[in-house]
S.K.: 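Please see the structure below; I have some questions.
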Amino acid sequence: MKDFFKTPIEPPEQLDELAVRPIEQDATFVSNIELVLGNDRVTGSLAKKVREVSQRALWYPDYEHIVLPEAPDPSFAWYVGTLGLKPNIVVPDGIDPYNLSMRDAFVPHQPGNPKEPSNFAKAIQGRMVESFVLDQKLASFVNYCGGTYPGGPPGDRPSQANNKALFADYSQGIVQVPKGKKHTGLDNVAAAVKARLAQGKDTFVRHTQSGGGFGNRSFTKQSAGKMSLAEIRSYLVGDHPESWENATVLVEEHLGRITQSPAVTFGWTGFLYDNLQLTQNGDYRGSISPVPPEVANARELQYIGDAFSASLRQKINYYGPGNVDLGLMVDRKLIGFECNARFTGARHVIAIGELLVGPWKNWRENNDVAVSVDHFTLNRTMDFDQLYDILDREELLATKAKPQGVVISIPPRGRVAGVHIQGKGYQNTVALHREIVKLTGDPVANTYDNPLNFSA
């Protein structure tokens, strides 16, 4: 069999023109979320998380094919279709959902039949292909199968753009960044944190290759000053020990108390939209969009998105989606923490919001607000039909005709689901969330760190 990874691949001649070309109906989306975690393969709890989060892609508009590592919940797929999105779901041959790598699907022909293209190859041929994370090997496979990968072969540029150790260089002249030192290995990182705390210094720790919020940890001298090395290690790894053991991280100066966590998302041409992150115990739980004006100035956020996109194009020739995580300090200054060189949870929020109410650029003018909670804790174990029936009975489900309400954005798995709430104004959105919590949620578990006291 011909090795498509060795097939020459050249960037398109009109790189900028192709990069900004709108998605067309003959496009394919590949949900390669496992690459967010710095590996091309995930197992155990990380594979389970990837499979669950992959179903977000069902909400992405204008794709004829969506490639997932596992077939979605049938009832949930039906529900997404009722709101107008009915892509062809492709689960490629060769994918093991418990030992998960989308690269296992890079087989151009059906097993034992070299004359018949694989189902993945059929979804690529003659189409533009986008992915959750830009991937050189996927670009080569797309090229071999006769598809188009926007921006050409990415090489290792996504990894460079996503590397938190390089973030300060990319951010020069755009936003202030904490000073830090690199340390490799969990024991070395824990010792560096312990040494800073012993000096009476608050400390911030960032995994240089991480996603989903799990790579950020904060230590204050008051609450953490007497922690043992074992306790520091345990707090660092959280639920992701396999991603920390031999990792390189930044142990940084702590610039003070963060009051909010806004973020900006950029694309091929610059700023796309902004959002405010919901966190719980340091982990990402969802987001609010747009950012309330009392939190951050919209023009400043747009400047950061435009400037950061231009900086990555200039310094490493990165043409791709990205997200810059920010912190609003008590003195009202914005500082920068990291870039995620990929689609992020905010894409999920915006996709559903635009499906219901139209282009995001009109949201502020129309006072539309979307809140997406990826980890909405139910008050009991439910399947999709049970959650749907409760919300439908109370007439709380959002539709295109009645967009103010709730969307089940990620199907329930046990006592956890994803919910998207679309409201007219921030306070209306909060009120809707509280109503949903009273019906189906755990009031304590659904309390999040955010500017709107977004809790039951």
Side-chain angles (χ1 to χ4, degrees), residues 5 9-12 15-16 18-19 30 32-42 101-103 130-143 149-184 205-216 243-244 246-252 263-272 304-326 335-344 346-347:
F5 290 137
I9 178 170
E10 300 295 335
L15 181 61
D16 291 335
L18 176 63
V30 179
N32 56 350
I33 296 177
E34 70 276 9
L35 297 185
V36 173
L37 305 173
N39 302 305
D40 66 358
R41 184 175 303 280
V42 289
S101 173
M102 293 298 284
R103 290 174 176 174
E130 291 197 340
S131 54
F132 198 88
V133 180
L134 296 185
D135 178 22
Q136 173 65 35
K137 291 187 176 181
L138 177 58
S140 297
F141 185 62
V142 169
N143 180 71
Y149 204 68
D156 67 346
R157 289 191 293 274
S159 178
Q160 293 179 60
N162 196 54
N163 192 325
K164 281 62 173 172
L166 302 175
F167 180 74
D169 178 54
Y170 303 146
S171 303
Q172 287 182 13
I174 301 173
V175 65
Q176 183 182 359
V177 177
K179 296 178 181 179
K181 293 183 179 180
K182 290 191 294 184
H183 298 271
T184 299
V205 176
R206 288 190 296 147
H207 198 301
T208 59
Q209 293 285 346
S210 66
F214 72 78
N216 299 329
S243 296
W244 278 87
N246 298 307
T248 296
V249 309
L250 292 167
V251 179
E252 297 181 332
V264 296
T265 296
F266 57 85
W268 308 114
T269 56
F271 173 83
L272 293 176
I304 291 172
D306 285 339
F308 209 89
S309 177
S311 175
L312 290 180
R313 290 197 303 268
Q314 178 184 12
K315 292 178 178 177
I316 60 171
N317 197 30
Y318 175 76
Y319 284 80
N323 185 86
V324 179
D325 289 341
L326 305 166
I335 62 170
F337 286 120
E338 63 183 0
C339 171
N340 295 297
R342 53 179 171 82
F343 289 135
T344 66
R347 168 73 178 268

S.K.: Parallel, tilted or perpendicular: which describes the rings of Y170 and F308, with under 30° parallel and over 60° perpendicular?
M.R.: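 If you compare the ring of Y170 with that of F308, the planes turn out perpendicular.
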
S.K.: Is the closest side-chain heavy-atom distance between Y318 and P158 below 4.5 Å?
M.R.: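 Of all side-chain heavy-atom pairs linking P158 with Y318, at least one is under 4.5 Å.
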
S.K.: Give a yes or no answer on whether the side chain of Q176 reaches the backbone of G336 with a donor-acceptor pair at less than 3.5 Å.
M.R.: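 Not at all, since once roles are kept as given, no pair shorter than 3.5 Å links the two residues.
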
S.K.: Please check if the side chain of K315 supplies one atom and the backbone of A161 the other of a donor-acceptor pair under 3.5 Å.
M.R.: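 Checking the backbone N and O of A161 against the side chain of K315, no donor-acceptor pair under 3.5 Å is found.
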
S.K.: On a heavy-atom basis, which atom in V251 and which in H183 lie closest, and how many Å separate them?
M.R.: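 The pair with the smallest heavy-atom distance is CG2-CD2, 3.6 Å.
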
S.K.: If I take atom CZ from residue F271 and atom CZ from residue F266, how far apart are they, to the nearest 0.5 angstrom?
M.R.: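 These two atoms lie 12.0 Å from each other.
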
S.K.: Might you work through the side chain to side chain contact (heavy atoms under 4.5 Å, CB included) test for M102 and E34, ending with a clear yes or no?
M.R.: CA-CA 8 Å; M102 293 298 284; E34 70 276 9; 3.3 Å; yes

S.K.: Determine the minimum heavy-atom distance between G270 and R313, stating which atoms define it.
M.R.: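 Shortest heavy-atom separation between G270 and R313 comes out as N-NH1, 4.4 Å.
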
S.K.: Tell me whether the count of non-hydrogen atoms from other residues, nucleotides or ligands lying under 6.0 Å of NZ in K182 goes above 12.
M.R.: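 Atom NZ in K182 is not crowded, with 12 or fewer foreign heavy atoms closer than 6.0 Å.
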
S.K.: Please round to the nearest 0.5 Å and tell me the distance separating atom CG of N32 and atom CG of D135.
M.R.: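 Going from CG on N32 over to CG on D135, the span is 6.0 Å.
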
S.K.: Can you tell me which residue among T344, N162, V133 is in a side-chain contact (heavy atoms from CB on, under 4.5 Å) with V36?
M.R.: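 Answer to the side-chain contact (heavy atoms from CB on, under 4.5 Å) test with V36 among T344, N162, V133: V133.
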
S.K.: Examine distances only and state if a side-chain atom of S171 and a backbone atom of F167 form a donor-acceptor pair shorter than 3.5 Å.
M.R.: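 At least one qualifying donor-acceptor pair exists.
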
S.K.: Calculate, to the nearest 0.5 Å, the distance between atoms CG and CD1 belonging to D325 and I335 respectively.
M.R.: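 If I round to the nearest 0.5 Å, the distance is 11.5 Å.
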
S.K.: Rounded to the nearest 0.5 Å, how far apart are CD1 of I304 and CG of L326?
M.R.: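 Rounded to the nearest 0.5 Å, the CD1-CG separation comes out at 5.0 Å.
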
S.K.: Looking only at side chains, do T265 and N323 share a donor and an acceptor under 3.5 Å apart?
M.R.: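 A pair is found: one side chain offers a donor N or O, the other an acceptor, under 3.5 Å apart.
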
S.K.: Indicate whether any N or O donor in one side chain lies under 3.5 Å from an N or O acceptor in the other, for Y149 and S131.
M.R.: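 On atom types as modelled, these side chains qualify, holding a pair under 3.5 Å.
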
S.K.: Going through the checks in order, is the side chain to side chain contact (heavy atoms under 4.5 Å, CB included) test met by E130 and F343?
M.R.: CA-CA 10 Å; E130 291 197 340; F343 289 135; 3.9 Å; yes

S.K.: What's the separation between atom CD in Q136 and atom CZ in R157, rounded to the nearest 0.5 Å?
M.R.: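 Between atom CD of Q136 and atom CZ of R157 there are 8.0 Å.
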
S.K.: A side-chain contact here means heavy atoms from C-beta on lying under 4.5 Å apart; do C339 and L312 qualify?
M.R.: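 Contact flag for C339/L312 side chains = yes.
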
S.K.: Atom OG in S311, atom CG in D169: separation rounded to 0.5 Å?
M.R.: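 That separation rounds to 7.0 Å.
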
